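Everything below concerns the one structure shown next.
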Amino acid sequence: YRIIRKDRRVIYVRNTAILTEIDGSPILIGTLQDITAEKQIADKLKERTEFAEAILNASVDSIVVIDRQLKILSANKKANPYPDRDITGEDVLAVFPLIQQSGAYDDVLRALKGEFVHNNEYYSLVRKRYYENFFIPLRNQENVVYAVVVVAHDITDIIEAKKRVD
């Protein structure tokens, strides 16, 4: 709850209460705990998360983060083939089943082993467009790879212009 104190300061509290009886009369016994600091931290975390998502979604590139279990940890709007569905937590092969046929799946596995992989020209069987792909291992403080960031930059216009010139 939000409470305004006598000194006009706003604080947030959590309450707990139990209903009991004393001498046959019902009474309510409760406590209020000031959780203002907790609320401020949660608000700051929410603000930072929204900011990071806004940056991710502002990118002209498709960006997907895949963990060691091949689950999608994050994906920007450009990467998501299902605009009405959040693909976070889904199996990468369920969302992008054709990557096994294209070699991108092997690139993800290589990056999960710690290798930075750069693919100059990749044709997406899903989007029917050309991409320059980067598979970037993410490492924790112990230097262990826990996920891969896949960045796909659309180069279709460049490839098509090159074909017209050749």
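Small disclaimer: the values here were computed from a predicted structure and weren't measured. We number each residue from 1, following the sequence as shown. Note that these values count all heavy atoms, side chains included, but never hydrogens, waters or copies made by symmetry.
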Taking all non-hydrogen atoms of both residues into account, name the closest pair between [X] and [Y] and its distance.
X	Y	result
Lys77	Asn57	N-OD1, 2.7 Å
Asn76	Ser59	ND2-CB, 4.0 Å
Asn15	Tyr1	OD1-CE1, 3.0 Å

Practice prompt. Would you list the pairs meeting salt bridge (Lys or Arg N to Asp or Glu O under 4.0 Å) in which at least one residue belongs to residues 98-111, sequence neighbours left out?
Written response: Asp107-Arg110, Arg110-Glu115

Discussion item. Filter on salt bridge (Lys or Arg N to Asp or Glu O under 4.0 Å), then keep only pairs touching residues 4-13, sequence neighbours left out; what's left?
Written reply: Arg5-Asp7

Practice prompt. Take Ile29 and Thr20, measure what side-chain contact (heavy atoms from CB on, under 4.5 Å) needs, and give me the verdict at the end.
Written response: CA-CA 8 Å; Ile29 301 175; Thr20 189; 3.8 Å; yes

Do [X] and [Y] come close enough that some side-chain heavy atom pair is under 4.5 Å?
X	Y	value
Phe134	Phe116	yes
Tyr131	Glu121	no
Ile136	Val148	no
Ile72	Phe96	yes
Lys39	Val13	no
Leu70	Leu109	yes
Asn119	Glu132	no
His153	Ser62	no

Worksheet item: Among Asp67, Val108, Ile66, Ile87, which residue meets the side chain to side chain contact (heavy atoms under 4.5 Å, CB included) test with Val92?
Response: Ile66

Item to complete: Verify side-chain hydrogen bond (donor to acceptor under 3.5 Å, both in side chains) between Thr36 and Asp34, making sure each step is shown before the conclusion.
Response: CA-CA 6 Å; Thr36 304; Asp34 185 346; 2.6 Å; yes

Discussion item. What I want to check is whether the side chains of Tyr123 and Ser102 have a donor and an acceptor closer together than 3.5 Å.
Written reply: no

Item to complete: Please report the C-alpha distance between Leu138 and Val145 in whole Å, then the side-chain angles of each, then the deciding distance to 0.1 Å, and finally whether the side-chain contact (heavy atoms from CB on, under 4.5 Å) criterion is met.
Response: CA-CA 5 Å; Leu138 290 180; Val145 175; 5.9 Å; no

